[in-house]
Amino acid sequence: MGKVALITGITGQDGAYLAEYLIGLGYTVHGIKRRVSLFNTERIDHLYDGPEVKDRKLVLHYGDLTDSMNITRIIQEVQPDEIYNLGAMSHVKVSFESPEYAADADGIGTLRVLEAVRLLGLTEKTRIYQASTSELYGLVQEVPQRETTPFYPRSPYACAKLYGYWITVNYREAYNMHASNGILFNHESPLRGETFVTRKITRAASKIALGQQNALYLGNMSAKRDWGHAKDYVRAMHAILQQPAGDDYVIATGITTTVRDFVTMSFIYMGIEVEFKGEGVDEIGVIKSINEDKFIEAVGAEYLDAFKARIGQTIVAVDERYFRPTEVELLIGDPTKSKTVLGWEPEYDLAALCEDMMKSDIYLMKKDAYLHKGGYKILKNLE
Ligand code: NAP
Ligand code: F7E
C-alpha cells in the first residue's frame, strides 16, 4: 500500500506541483478545495479521475482552513500519513486589506490542523509540513537569511505566518510530533498566480510583444527576491517529511535579483532590449532595440512589424498603487542546511525559470487571442 497524503491549498501553484509529484511517487493524494462560484481546479484537472475509477489517486474534499470541524472531519476520514498545510491567503499586499482573514486562515488555520491531528490521536502516524515563508525575515536582520536568523515580519501575512511557524515548533516540542517548517523563499512557475510580480511581468511582456497590451505598471522595482522554480521546491517539501524527525529548513537558491532585472530578462527572452530611465515614481522602461531573429523565434514573424513601430516608446512605468505600507526590500536565503541534510538541489536557475514562464505565457496569450476571434483552426496549428 502506498502512503496517503492530505494537501490543503491543493488548487494553488504549489498544491498542484506537489500533488503531481506525490502521485508520481505512488501516493494517494487527498486535497482540500474551497467552494467558489467559478471552477478553481484548473491546475489539477489533469490529475483527476472521476468517481467511476477504482483506486483513484486524487480525491478532493470541500473545506476551509477557517472551519475547525471541517478540517478535523477530513483528517479523521483520510487518516493521512503526511499533511502538507499549503492553504493560505498568500498575497502580501492583499493581506494589508484583509488582515483579520489572513490571521485566521494562515495563523489559526495552522493551529486547526495541528490540533486536529492531536485530538484524533494521530500524533505518531501523521507527519506535518507547514508552509512557512521567507517573508518572516521581512526587515532582514542578517544577509543571507538562514534557519537561525531572527524574524522581523513586515505585513499582516507575515505576522500570521509567524504564528503558524511557532505553533508548529511548539506542537513538535510539546507533543513530540513530526511537524516541520519549510521556510521557502519565493518560488514561481507558469502556474504562479497572475498577481504575483514574476507572473504579472511574464504575462504583460507576452501581451506587449503580441500587441495586446500597451504597457506594464509596477510598484517597487528595486525590491530584490531570491526566486526559484516551484517544481524544485515541492521536492524539498516531500524530503523534509522523509527525515527521521521534524525540523525547520530554509529552501532558497542563494541568488537575489531585482524586480527590474526580472523585467529585463523577460523582454530579452523575446529579443527586446528595455532601457530604464528616471527614478522613483518617474522611472520608465523604453524599448531600445530589437533582435529580430530572437523576436521571430520566440514570438513569431507576423508580430514583428507592428512591434518595430514601437521602438522608443514606454512599455514599463510605475503605479504607486502597487507600493506596500511596509516593504520587504531584500531577501536572499542560505540553503546550506537543506543541501547537506536533505540532499536537495534545484534544477532550474533564474534564466531557465524565466524561459519556462515566458514560453508558457506567449503560448497562452496567443491562444486566448485566437479563441476570442473564434480561431479554433489556428489553435490546432499552435498545438
Ligand atoms: P497560492 O497559489 O496562492 O495557493 C494558495 C492555496 O490556498 C489555494 O489553493 C487557495 O485556494 C488555498 N486557500 C486560500 N485560503 C484558504 C482557506 N481559507 N482555506 C483553505 N484553503 C485556502 O499559493 P502558493 O504559491 O501555492 O503557496 C503555497 C503555500 O506556501 C502558501 O501557504 C503560501 O503562503 C506559502 N508560501 C509560498 C511561497 C511562494 O513563493 N509561492 C513562498 C513561501 C511560502 P483557492 O484556489 O480557492 O484560492
Ligand atoms: O512581490 C514587488 C513587491 O507579490 C515581490 C508570496 O508567494 O513570496 C510571495 O510574496 C516583490 C515585492 O511576492 C509589483 O513590492 C513591484 O517586493 O511577487 P510578490 P512577495 O510579496 O515576495 C513570499 C515568499 C510568500 O510567502 C508569499 O506568499 O515585487 N513588486 N511591483 C510587485 N509585486 C506585485 N505583486 N505586483 C507589482 O506590481
Side-chain angles (χ1 to χ4, degrees), residues 1-90 101-102 104-132 160-161 164 167-168 171 177-180 182 191 193 230 234 237-238 240-241:
M1 284 278 283
K3 285 188 193 169
V4 175
L6 174 65
I7 304 177
T8 72
I10 195 164
T11 56
Q13 169 189 255
D14 292 4
Y17 281 118
L18 180 65
E20 186 168 272
Y21 182 62
L22 294 179
I23 288 171
L25 294 176
Y27 281 62
T28 299
V29 172
H30 292 253
I32 299 182
K33 65 168 178 173
R34 297 192 290 177
R35 191 273 153 185
V36 282
S37 66
L38 288 169
F39 289 124
N40 63 348
T41 54
E42 197 184 331
R43 292 181 174 112
I44 47 170
D45 281 343
H46 63 293
L47 302 171
Y48 189 74
D49 292 316
E52 72 285 357
V53 175
K54 246 184 117 211
D55 298 327
R56 280 184 298 156
K57 286 295 171 199
L58 177 64
V59 184
L60 296 179
H61 306 256
Y62 280 109
D64 199 298
L65 282 160
T66 60
D67 180 342
S68 322
M69 282 192 271
N70 159 271
I71 293 297
T72 309
R73 180 183 52 74
I74 293 171
I75 294 176
Q76 183 179 28
E77 269 174 36
V78 173
Q79 297 278 311
D81 298 298
E82 296 171 7
I83 297 179
Y84 295 87
N85 185 35
L86 309 186
M89 202 309 286
S90 72
Y101 178 70
D104 193 2
D106 303 9
I108 305 299
T110 309
L111 172 68
R112 292 185 180 105
V113 171
L114 291 159
E115 185 62 359
V117 168
R118 188 175 80 87
L119 290 178
L120 293 168
L122 293 171
T123 49
E124 287 195 9
K125 173 182 168 71
T126 306
R127 299 180 172 197
I128 301 173
Y129 172 88
Q130 167 58 15
S132 284
K161 285 282 185 178
I167 199 67
T168 300
Y171 269 57
M177 285 167 68
H178 195 301
S180 301
L191 298 186
V234 301
M237 295 177 187
H238 176 255
I240 288 171
L241 290 200

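Fair warning: this is a prediction, and the values are worked out from it, not measured in the lab.
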Visitor: Could you state the interatomic distance from CD1 (I240) to CD1 (I128), rounded to the nearest 0.5 Å?
Guide: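 Between I240 CD1 and I128 CD1, I get 14.0 Å after rounding to 0.5 Å.
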
Visitor: Looking at every heavy atom in both A116 and I75, which two are closest together, and how far apart are they?
Guide: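 Reported closest heavy-atom pair: CB-CD1, 3.8 Å.
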
Visitor: Nearest 0.5 Å please: distance from the OH atom of Y48 over to the CD1 atom of I10.
Guide: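 Y48 OH to I10 CD1: 11.0 Å, rounded to 0.5 Å.
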
Visitor: Is there a side-chain contact between I7 and L22, using heavy atoms and a 4.5 Å cut-off?
Guide: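 Side chain of I7 against side chain of L22, heavy atoms only: contact under 4.5 Å found.
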
Visitor: I'd like a table of donor-acceptor pairs (distance under 3.5 Å, sequence neighbours excluded) in which one partner is a side-chain atom from residues 32-44, with atom names and distances.
Guide:
residue, atom, partner, partner atom, Å
R34, NH1, Y101, OH, 3.2
N40, ND2, R34, O, 3.4
T41, OG1, D45, OD1, 2.8
R43, NE, L191, O, 2.9
R43, NH1, T11, O, 2.9
R43, NH2, L191, O, 2.9

Visitor: Decide yes or no for I74 and V78: does some side-chain heavy atom of the first lie under 4.5 Å from some side-chain heavy atom of the second?
Guide: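 Side-chain contact under 4.5 Å: yes.
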
Visitor: Taking L86's backbone N and O only, do any of them form a donor-acceptor pair with T8's side chain (distance below 3.5 Å, no angle check)?
Guide: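 Checked: pair present.
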
Visitor: Looking only at non-hydrogen atoms, find the nearest pair between L47 and A16 and report the distance.
Guide: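 The answer is CD1-O, 4.1 Å.
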
Visitor: Considering only distance and modelled atom types, tabulate donor-acceptor pairs under 3.5 Å from the side chains of residues 55-65, sequence neighbours left out.
Guide:
residue, atom, partner, partner atom, Å
H61, NE2, H30, ND1, 2.8
D64, OD1, T66, N, 2.9
D64, OD1, T66, OG1, 2.8

Visitor: Would you say L119 and T72 make side-chain contact, with heavy atoms under 4.5 Å?
Guide: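 SC-SC contact between L119 and T72 ruled out.
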
Visitor: In terms of relative ring orientation, are Y84 and Y129 parallel, tilted or perpendicular, with 30° and 60° separating the classes?
Guide: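 Geometry flag for Y129 against Y84: tilted rings.
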
Visitor: Hey, could you give me the OG/CD1 distance between S68 and I108, rounded to the nearest 0.5 Å?
Guide: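 One gets 9.5 Å once the value is rounded to the nearest 0.5 Å.
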
Visitor: Supply the atom-to-atom distance I83 CD1 to H178 NE2, rounded to the nearest 0.5 angstrom.
Guide: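 Separation between the atoms: 13.0 Å.
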
Visitor: Where do G164 and Q130 come nearest, in terms of heavy atoms and distance?
Guide: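 In terms of heavy atoms, the two residues are closest at O-CG, 4.0 Å.
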
Visitor: Among side-chain atoms of H46 and E20, is any donor-acceptor pair under 3.5 angstrom?
Guide: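 Note: H46 and E20 side chains meet the donor-acceptor criterion.
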
Visitor: Can you tell whether the side chains of D104 and R112 come within less than 4.0 Å, N to carboxylate O?
Guide: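 Yes, charged N to carboxylate O under 4.0 Å.
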
Visitor: Tell me, do M237 and Y17 make a side-chain contact under 4.5 Å, heavy atoms counted?
Guide: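 A side-chain contact is absent here, since even the closest heavy-atom pair is not under 4.5 Å.
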
Visitor: Can you see which heavy atom on A160 is nearest to which on A102, and at what distance?
Guide: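 Heavy atoms of A160 and A102 come nearest at CB-O, 3.5 Å.
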
Visitor: NZ/K161 to CE/M89 distance, rounded to the nearest 0.5 angstrom?
Guide: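 The distance works out to 10.0 Å.
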
Visitor: Any side-chain heavy-atom pair from L6 and E82 closer than 4.5 angstrom?
Guide: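 Of all side-chain heavy-atom pairs linking E82 with L6, none is under 4.5 Å.
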
Visitor: Supply the atom-to-atom distance L122 CG to M177 CE, rounded to the nearest 0.5 angstrom.
Guide: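 Result: 9.0 Å between the selected atoms.
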
Visitor: Check this for me: does any side-chain nitrogen of one of D81 and K125 sit under 4.0 Å from a carboxylate oxygen of the other?
Guide: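 Yes, D81 and K125 are salt-bridged.
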
Visitor: Between T126 and P80, which heavy-atom pair has the shortest distance, and what is it?
Guide: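 That would be OG1-O, 2.8 Å.
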
